[in-house]
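Quick notes on the structure that follows.
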Protein chains: 2
Amino acid sequence: MTVTIYDVAREAGVSMATVSRVVNNNPNVKPQTRKKVFEAIERLGYRPNAVARGLASKKTTTVGVVIPDISNSIFAEVARGIEDIANMYHYNIILCNADKKKEKEIRVINTLLEKQVDGLLFMGGVVTQDHIQAFNTSSVPIVLCGTKEEGNSFPSVDIDHEIAAFDAVNVLISQGHRNIGMISGTLEDPANGYSRYQGYKRALEEAGIPIRDNYVRVGNYRYESGIEATKYFLSLDPKPTAIFSATDEMAIGAIHTIQDHGLKVPDDVSVISVDNIRMASMVRPMLTTVAQPMYDIGAVSMRLLTKLMNKETIDNNQVILPHEVINRNSVAHV
Amino acid sequence: MTVTIYDVAREAGVSMATVSRVVNNNPNVKPQTRKKVFEAIERLGYRPNAVARGLASKKTTTVGVVIPDISNSIFAEVARGIEDIANMYHYNIILCNADKKKEKEIRVINTLLEKQVDGLLFMGGVVTQDHIQAFNTSSVPIVLCGTKEEGNSFPSVDIDHEIAAFDAVNVLISQGHRNIGMISGTLEDPANGYSRYQGYKRALEEAGIPIRDNYVRVGNYRYESGIEATKYFLSLDPKPTAIFSATDEMAIGAIHTIQDHGLKVPDDVSVISVDNIRMASMVRPMLTTVAQPMYDIGAVSMRLLTKLMNKETIDNNQVILPHEVINRNSVAHV
DNA sequence: CTGTTAGCGCATTCAT
DNA sequence: ATGAATGCGCTAACAG
């Protein structure tokens, strides 16, 4: 039924070792026999069995990717960066959504390891002790992608969310705003939640602006929760003259809510956020935001992983990618 | 170094066959010995090697997914549907972006087959003779997902793009519009391009509206090309009173362009399209569109594939999922 | 219910 | 430059 390396060997009149050599581009084969083998391969329609090869060589040229949710455009963009580089180095990726759920994350880490992936890219929520324990059972390298771990005991690549938020809030402050509301993510989320909130706080503190509890609402990153938070802000007195949103999607919700109240962005209320999703330039006014290099985060993570898998020495395995504020039209002087 | 089934057998004082049985949940094991084995597994930190299992059993519990571009929200949504169902049936997915490029598609199909996936989900551009040839070398089932093939010789799941477009244009016509422009995709693309254009044409024909060449512009599905096409339409005399866009993203470009010209949507120009991406309800006015059940297309494809892999008999392997027009605020009576 | 024995398809020594 | 032999870790008869 299925044609194996033995069949090719017989057809070509050589040993299976020789076939293996030509298939693996081993130079120690006479051009003539190489040709014979290729012809036999062609004739028989031979297709190497990567599973058998994986068992024999202990390499699968496959890496596992744990991602929160591929249907979220942020992660999808990261995933594309990962896959492009993986492809470039002849790896394939097994993709697993884990929704930032600890149990699910640990479960897929284990099945990925069972599948003998050559490396693991982890993009998740909090990295708990249980995660670390799971990571430590791995004999293959792991890199955290858009995620950090307290002890920095694993290679990682991400932006500095605290500074990104700090920078965002500062463009507001530099425009004279002092009543600045924040739509935060959940504070349990270390990157998009907690760190961005810390950046907000620090910016205000350094500017000598007192922090008011009712100027901070926590949302769930989605459009709808941006709407909800903004409605609340607009009911306040004094209402914020500017809103810093932890994510673009909530910021867009904010913009629309402000407009629905008959106010103007940015004339009446300025809005800024962090992410720079495609949609950010597809709203009116176009959203000013600090860009997070999603694709690069994925690409650089994967590149780092290839080095690790290759046992190359790494100079810096805690890479922080630069962010950049993108000035568009949603921020104005107060 | 790595602990195998033999180590567990020795540790538990049983044969490796018995260990294999408990690992595979074979009922023919005395509860007592089962317990002993589990303890040994625990003690040794044994992790089954799925590659070895795959070689021995000729099943990898892995399916290959060929997708155009995971960073495109439409496909990402489909992918999520695929992965959820795959997960449910204990499959993992190897994800490959192929950008609708024939060479790339055929290349990844082959590497996926080499990796001994148990099935293949193909989401691509045109299905050429070369594709069919590649498919035919496969000993595992293949289902086309959001893609059709002329001869219907492969299982597939999709919506009926022609009728979806037809329905969209008809809501325009039912509102009294007769000057209807279309922003099309490339006509080489059978689904999103050609079929949707055919639906547009048929709707006009059935309504006795002549088709004018300058009322049709072909774009590339992106926001920017929606803008470009719309600028052109607005320069016409008479200009269209309604625009049908092949995709939501181009439709959003249309809306903004109309607004930037000081006109109102839908009062001055109506806009409708096909897709229903998240963004559609995040524009003002919210976009009226005919929804394509992305997640379901993925989920149903994967479910069909599981049946095929399971050698179940299929009643209908050419499934057409329903679409639905979502009335929002971008269409008005002329 | 449990153990023995063969492969699965290939990479990889080690000879020659 | 090529071939023979071994084993990767496991499943799946088969026997008992």
Side-chain angles (χ1 to χ4, degrees), chain A residues 1-38 40-41 44-62 90 110-111 113-118 139-140, chain B residues 1-38 40-41 44-62 90 110-111 113-118 139-140:
Chain A
M1 188 65 235
T2 78
V3 19
T4 76
I5 206 172
Y6 280 100
D7 302 319
V8 177
R10 194 178 328 110
E11 174 82 10
V14 299
S15 79
M16 55 96 79
T18 301
V19 178
S20 176
R21 287 194 187 93
V22 343
V23 167
N24 292 295
N25 262 313
N26 184 317
N28 289 346
V29 180
K30 216 192 307 180
Q32 211 176 102
T33 45
R34 181 184 303 278
K35 183 154 172 290
K36 274 198 308 189
V37 172
F38 273 132
I41 287 177
L44 266 41
Y46 168 69
R47 177 151 38 209
N49 181 325
V51 171
R53 174 181 294 173
L55 183 59
S57 70
K58 296 174 163 303
K59 284 197 184 57
T60 55
T61 61
T62 303
H90 304 291
N110 281 313
T111 81
L113 258 18
E114 284 186 7
K115 296 225 167 175
Q116 311 300 119
V117 293
D118 294 337
S139 59
V140 298
Chain B
M1 187 67 236
T2 78
V3 20
T4 77
I5 205 171
Y6 279 101
D7 302 321
V8 177
R10 194 177 330 110
E11 175 82 8
V14 300
S15 78
M16 55 100 73
T18 300
V19 177
S20 176
R21 287 194 187 94
V22 341
V23 168
N24 292 296
N25 262 312
N26 185 316
N28 290 346
V29 181
K30 215 193 307 178
Q32 211 176 101
T33 43
R34 181 182 302 278
K35 185 154 171 291
K36 273 197 308 187
V37 172
F38 273 133
I41 287 178
L44 267 42
Y46 168 69
R47 176 150 41 208
N49 181 325
V51 171
R53 174 182 292 171
L55 183 58
S57 70
K58 295 174 163 305
K59 282 196 186 56
T60 55
T61 61
T62 302
H90 304 291
N110 281 314
T111 81
L113 258 18
E114 284 186 7
K115 296 226 167 174
Q116 310 301 119
V117 294
D118 294 337
S139 59
V140 298

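Letters A, B, ... mirror the listed sequences (proteins, then strands); counts begin at 1. Only a predicted model underlies this, so the values are computations on that prediction, with no experimental measurement involved.
Side-chain contact of A/R47 with B/N110: a donor-acceptor pair under 3.5 Å is present, judged by distance alone. A/T62 and A/K115 form no side-chain donor-acceptor contact under 3.5 Å, judged by distance and modelled atom types alone.
For the pair A/I41 and A/V37, the minimum side-chain heavy-atom distance is below 4.5 Å. Annotation: side chain of B/Y46 is in contact with side chain of B/I5 (closest heavy-atom distance under 4.5 Å). By the 4.5 Å heavy-atom criterion applied to side chains, B/N24 and B/R53 are counted as neighbours.
One atom, CZ of B/R10, and another, P of C/dT2, lie 19 Å apart when rounded to the nearest Å. Separating the OH atom of B/Y6 from the P atom of D/dC8 is a distance of 9 Å, rounded to the nearest angstrom. Rounded to an integer number of Å, the gap from CD1 of A/I41 to P of C/dC10 is 10 Å. Distance, B/I5 CD1 to C/dG3 C1': 13 Å, rounded to whole Å. In this structure, A/K59 atom NZ and C/dA11 atom P are separated by 12 Å, rounded to whole Å. Between the CG atom of B/L44 and the P atom of D/dG9 there is a distance of 14 Å, rounded to whole Å. As a whole-Å value, the separation of B/M16 CE from D/dT11 P is 8 Å. The separation between A/E114 atom CD and D/dG9 atom P is 15 Å, rounded to whole Å.
For C/dG9, neither phosphate oxygen OP1 nor OP2 lies less than 4.0 angstrom from any side-chain nitrogen or oxygen of A/T4. Remark: B/K58 is in phosphate contact with C/dG9, judged by side-chain N or O atoms under 4.0 Å from OP1 or OP2. Within the 4.0 Å cut-off from OP1 or OP2 of C/dC10, at least one side-chain nitrogen or oxygen of A/Y46 is found. Note on A/R53: a side-chain N or O is less than 4.0 Å away from OP1 or OP2 of C/dA11. Distances shown here put every side-chain N or O of B/S57 at or beyond 4.0 Å from the OP1 or OP2 atom of C/dC8.
Under the salt bridge (charged side-chain N to carboxylate O under 4.0 Å, His left out) criterion, A/K35 pairs with A/E39, sequence neighbours left out.
Across D/dT11, C/dG9, D/dA4, the shortest atom-to-atom separation from the side chain of B/A56 is found for D/dT11. Of the candidate nucleotides C/dA11, D/dG9, C/dT2, D/dG9 has the atom nearest to the side chain of A/L55.
Where A/P48 and B/A17 each meet DNA chain C at their nearest nucleotide, the meeting point lying more 5' is that of B/A17.
Taking every heavy atom of residues 18-26 of chain B and every atom of DNA chain C, pairs under 4.0 Å involve B/T18, B/R21, by number.
The backbone N or O of B/T61 sits less than 3.5 Å from a side-chain atom of B/D118, completing a donor-acceptor pair.
Contact annotation for A/N28: base contact, defined as any heavy-atom pair under 4.0 Å involving a base atom.
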